[in-house]
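Notes follow once the structure below has been shown.
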There are 2 protein chains.
Amino acid sequence: MDAYEKLEKSRKRITESIAQNIHLYGLPPSAGRQFGMMFFENRPLTLDDMSAELGMSKTSMSTSIRSLSEAKLVERVWERGVRKDLYEVKDDWYQIFVDMFTVKWRRAVSLHTAAIRKSLAELKELKHADDITDELLAVIETDIEKLLYIREYYDWLDRLIDAFEDQKIFDLVPRLEEE
Amino acid sequence: MDAYEKLEKSRKRITESIAQNIHLYGLPPSAGRQFGMMFFENRPLTLDDMSAELGMSKTSMSTSIRSLSEAKLVERVWERGVRKDLYEVKDDWYQIFVDMFTVKWRRAVSLHTAAIRKSLAELKELKHADDITDELLAVIETDIEKLLYIREYYDWLDRLIDAFEDQKIFDLVPRLEEE
DNA sequence: CAATACGTACAGAAAAAACTGTACGTACAA
DNA sequence: TTGTACGTACAGTTTTTTCTGTACGTATTG
């Protein structure tokens with residue numbers, strides 16, 4: 001095994017490690033491989049570059065680069081004179097984590113909150129319907145309690161996301177370990 | 001639509017909302033439905049209960065309840081006189097979030113860190129091999145830099161997980177909104 | 001001891017997701 | 001305007017994941 005192969009092996013280990021954990025970002029392993037490859041390339045890549053490098057179709061590259069962009073792991077960059085789209089991995093991994101966390105969870109909180117609001121309104125209405133037995137009323141009240149509880153939880157989660165988004169998390173957990 | 005159906009509809013909305021976001025916990029939608037159903041039932045359930053309630057096989061219930069347990073969303077409870085396994089959703093959703101976060105990310109950090117350590121060792125070794133061109137040496141040095149950077153990042157992530165695990169996150173983002 | 005109840009391993013079926021190739025729309029070039 | 005280069009929508013294929021039914025091991029009951 002020559003030096004170049006050893007280098008490749010070292011890179012491949014890291015890339016595979018990323019590929020196998022990228023599901024935490026809601027992405028399939030191949031997107032992780034794409035990201036890993038781009039991380040070691042020190043230049044912006046075109047879809048054709050990626051396709052050649054990974055031996056996958058350009059269509060796939062196009063699809064997964066969009067996912068990677070939406071999760072904020074890569075970004076499009078411009079270089080004058082180049083007509084093709086160029087992409088580059090973001091270089092601040094702390095910020096990558098924060099962005100991904102923010103994007104993923106904000107959406108979830110928003111969807112959940114909407115559902116809770118609707119159901120809560122329905123249940124409060126239902127309480128005053130006239131074909132309600134005492135037994136059913138008790139169940140409704142319990143459900144309302146539950147929904148109020150999880151609404152409170154989602155409010156906390158929303159504030160947690162705020163704390164990430166506006167960098168307050170780095171006050172609690174500083175970037176650099178002090179020796 | 002009678003009162004009971006309205007109640008069911010309200011519950012179903014919440015359950016579906018959970019089902020569609022449970023992928024953030026690394027679980028399939030059906031596990032979310034299972035969790036949602038268990039959340040509204042105010043009692044521990046057996047696999048047979050779940051099977052009947054969701055109209056799915058007992059085998060499926062067994063598999064997904066294990067995933068739910070591993071992600072710390074539900075737990076097994078004991079009731080004397082009952083031979084079947086009983087499961088209940090955990091009632092502290094804040095803690096559910098913290099546990100899931102901790103479990104998922106700790107594993108990822110651990111795997112990544114191991115890979116980085118190995119590759120870093122290889123590259124440092126490779127630097128001193130005698131068939132290395134200056135050009136290749138430069139690439140190796142760049143790779144080492146990259147690995148040192150992400151190692152630092154994973155150290156931060158590890159400390160972030162610590163902050164969740166030992167509840168410090170609630171100092172930064174308190175459970176109750178103060179008015 | 002035998003009989004029954006229970007949970008899950010395992011293999012195959014069904015469903016979902018990822019991947020590919022073609023075809024098309026858009027933008028720039030000549 | 002026509003021609004070319006590019007990215008992606010879409011339909012079909014392949015791969016992966018999820019779900020089911022059977023069969024088995026263990027534990028409890030009589």
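Worth knowing before you read on, the calculation uses all heavy atoms, side chains too, and leaves out hydrogens, waters and symmetry mates. Naming: A, B, ... by sequence-line order, numbering from 1 per chain.
Nucleotide C:dC19 holds its P atom 15 Å from the CE atom of A:Met50, rounded to whole Å. We find that CZ of A:Arg80 is positioned 17 Å from P of C:dC28, with the value rounded to whole Å. Between the CG atom of A:Leu54 and the P atom of C:dT20 there is a distance of 10 Å, rounded to whole Å. Distance OH (B:Tyr87) to C1' (C:dT8): 10 Å, rounded to an integer number of Å. Nucleotide D:dG7 holds its C1' atom 13 Å from the CG atom of A:Leu86, rounded to whole Å. Between A:Lys84 atom NZ and D:dT8 atom P there is a gap of 14 Å when expressed in whole angstrom units.
Both B:Val139 and B:Leu123 belong to a common hydrophobic cluster when Ile, Leu, Val, Met, Phe, Trp and Tyr are linked at side-chain heavy-atom distances under 4.5 angstrom.
Within the structure, ring pair (Phe, Tyr, Trp, His ring centres under 6.0 Å) contacts touching residues 70-91 of chain A (residues at least two apart or in different chains) do not occur. Applying the ring pair (Phe, Tyr, Trp, His ring centres under 6.0 Å) test to every pair with at least one member in residues 41-65 of chain B, sequence neighbours left out, gives no pairs at all.
Between B:Arg66 and C:dA9 there is a side-chain polar atom (N or O) within less than 4.0 angstrom of OP1 or OP2.
DNA chain D lies under 4.0 Å from at least one heavy atom of each of the following residues of residues 12-48 of chain B: B:Pro28, B:Ser30.
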Where do N or O atoms of nucleotides 20-27 of chain D meet protein N or O atoms at under 3.5 Å, pair by pair?
| from | atom 1 | to | atom 2 | distance (Å) |
| --- | --- | --- | --- | --- |
| D:dT20 | OP2 | B:Ser57 | N | 3.0 |
| D:dT20 | OP2 | B:Ser57 | OG | 3.1 |
| D:dT20 | OP2 | B:Ser60 | OG | 2.8 |
| D:dG21 | N7 | B:Thr59 | OG1 | 3.4 |
| D:dG21 | O6 | B:Thr59 | OG1 | 3.2 |

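Heavy atoms only, all atoms of each residue included: A:His112 and B:Ser17 are closest at CD2-OG, 2.7 Å.
Side-chain contact check for B:Arg107 versus B:Val103: some heavy-atom pair is nearer than 4.5 Å.
In this structure, B:Lys146 forms a cation-pi arrangement with A:Phe39, its terminal cationic atom sitting closer than 6.0 Å to the ring centre and no more than 45° off the ring axis.
Under the ring pair (Phe, Tyr, Trp, His ring centres under 6.0 Å) criterion, B:Tyr94 pairs with A:Tyr153, A:Trp156, not counting sequence neighbours.
With the end axes of the helix from C:dC1-D:dG30 to C:dA30-D:dT1 each set by five pairs, the angle from one to the other reads 10° at 10° resolution.
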Practice item. Could you give me the CA-CA distance, side-chain angles and deciding distance for A:Trp105 and A:Tyr154, then say whether ring pair (Phe, Tyr, Trp, His ring centres under 6.0 Å) is met? Key: CA-CA 10 Å; A:Trp105 287 96; A:Tyr154 283 117; 8.8 Å; no
